[in-house]
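Report on the structure given below.
Position 1 is the first residue of the sequence, and the numbers go up from there.
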Amino acid sequence: YEGRELLTACSLSGDMPYEECEIIRKYNDSQDDVFIAIDNRYLIPSQYEYWDNNESYASEVANVTDRLLIDLISGDGPDIILDGISCSELNTADAMIDLKPYLSSNGILDDSIYYTNVFDVASDSDGILYQIPTSIYLTGLVGSANSNLGDNQCGFTFDQYAEVIE
């Protein structure tokens with residue numbers, strides 16, 4: 001990357017997904033004046049490493065995000081943060097910038113192209129967008145046809161659910 005401006009990117013999710021690495025590689029290959037390097041100082045370990053101690057996991061997450069916030073405020077943090085949407089303590093003007101003006105000027109907030117309500121959910125109460133969601137997912141529980149639900153019943157009661165999982 002000699003002769004290029006160096007930007008740093010960190011992923012808070014531990015191992016950076018292949019897709020994100022590939023995007024960064026393609027960006028680096030296409031640019032003559034900017035290079036993005038990976039910064040591994042802020043990795044949050046997998047929750048599975050703490051399967052028997054949620055308190056320790058929460059403490060580790062807090063330590064990493066506190067260190068990142070301090071580094072961002074002091075100017076020593078990364079330029080790009082990936083997988084930080086769940087770390088709302090980073091959403092402060094002292095550490096981050098409002099991304100909405102950049103998205104609006106490039107047409108990204110065009111609701112005929114994107115589900116802009118996803119950006120709205122990620123914005124703070126003042127409408128400031130400090131982080132961009134790169135994906136969304138929904139979770140739920142699916143029951144079989146013989147799950148003992150009533151004809152017009154939508155979902156289980158707690159007692160019915162307890163019966164199903166026993």
Side-chain angles (χ1 to χ4, degrees), residues 1-140:
Y1 66 88
E2 190 172 322
R4 298 197 235 178
E5 178 185 359
L6 179 63
L7 297 178
T8 55
C10 78
S11 176
L12 299 180
S13 65
D15 294 329
M16 187 178 286
Y18 170 80
E19 295 82 4
E20 290 176 357
C21 292
E22 187 63 12
I23 289 168
I24 291 171
R25 184 197 63 78
K26 285 180 179 181
Y27 178 85
N28 285 338
D29 288 348
S30 71
Q31 299 298 309
D32 294 329
D33 55 346
V34 178
F35 184 86
I36 299 174
I38 306 301
D39 183 346
N40 288 319
R41 295 180 292 168
Y42 309 99
L43 297 177
I44 294 175
S46 167
Q47 190 169 7
Y48 298 111
E49 293 176 37
Y50 293 89
W51 66 270
D52 63 340
N53 193 333
N54 282 335
E55 191 173 303
S56 291
Y57 178 73
S59 176
E60 182 63 24
V61 170
N63 288 338
V64 171
T65 54
D66 287 350
R67 191 171 69 243
L68 175 57
L69 184 58
I70 289 167
D71 287 351
L72 287 168
I73 292 171
S74 71
D76 189 39
D79 300 296
I80 302 165
I81 301 168
L82 303 166
D83 302 321
I85 201 84
S86 64
C87 301
S88 60
E89 58 270 26
L90 300 175
N91 297 341
T92 170
D94 292 333
M96 309 282 261
I97 61 171
D98 182 5
L99 298 170
K100 269 193 180 173
Y102 299 96
L103 297 177
S104 296
S105 66
N106 291 320
I108 293 175
L109 289 181
D110 180 350
D111 61 3
S112 68
I113 300 172
Y114 292 97
Y115 295 112
T116 56
N117 57 341
V118 173
F119 296 120
D120 294 339
V121 169
S123 300
D124 73 1
S125 60
D126 295 324
I128 297 173
L129 181 67
Y130 291 115
Q131 301 188 46
I132 299 172
T134 56
S135 64
I136 60 170
Y137 66 94
L138 303 172
T139 59

Completion exercise
Residue pairs passing the salt bridge (Lys or Arg N to Asp or Glu O under 4.0 Å) test with at least one member in residues 75-86, sequence neighbours excluded, are R41-D76
Practice task
With rounding to the nearest 0.5 Å, note down the distance linking CE in M96 to CG in N91.
Solution key: 6.0 Å
Problem - Over 12 foreign heavy atoms within 6.0 Å of CG, D32 - result: no
Problem - Spatial distance of atom CD1 (I23) from atom CD (E20) [nearest 0.5 Å] - result: 7.0 Å
Fill in the blank from the handout: Residues passing the side-chain contact (heavy atoms from CB on, under 4.5 Å) test with V121, sequence neighbours excluded, are none
Handout entry: Atom pair OH (Y130) and CG (L90), whose distance is rounded to the nearest 0.5 Å
Key = 11.5 Å
Practice task
Flag the pair I44 / Y57 as yes when at least one side-chain heavy-atom distance between them is below 4.5 Å, and no otherwise.
Solution key: yes
Exercise for the section: Can you sort out the partners of F35 under ring-ring contact (aromatic ring centres under 6.0 Å, His included), two or more places apart, ordered by chain and number? Expected result: Y1
Practice task
Evaluate whether atom CD of E22 has more than 12 neighbouring non-hydrogen atoms of other residues, nucleotides or ligands under 6.0 angstrom away.
Solution key: yes
Practice task
For Y42 and D71, run side chain to side chain contact (heavy atoms under 4.5 Å, CB included): C-alpha distance rounded to whole Å, both residues' side-chain angles, the deciding distance at 0.1 Å, then the answer.
Solution key: CA-CA 10 Å; Y42 309 99; D71 287 351; 2.5 Å; yes
Handout entry: Separation of C21 SG from K26 NZ (nearest 0.5 Å)
Key = 12.5 Å
Exercise for the section: Say whether, by atom type as modelled, one donor and one acceptor occur between the side chain of D98 and the main chain of I128 under 3.5 angstrom. Expected result: no
Practice task
For R4 and D33, indicate whether the former's side chain and the latter's backbone hold a donor-acceptor pair under 3.5 Å.
Solution key: no
Exercise for the section: Of all the heavy-atom pairs spanning A9 and I24, show the shortest one and how long it is. Expected result: CB-CD1, 4.4 Å
Exercise for the section: Would you give the length of the straight line joining atom CD of E60 to atom OG1 of T65, rounded to the nearest 0.5 angstrom? Expected result: 9.5 Å
Problem - Validation row: F119, L99 side chains within 4.5 angstrom (heavy atoms) - result: no
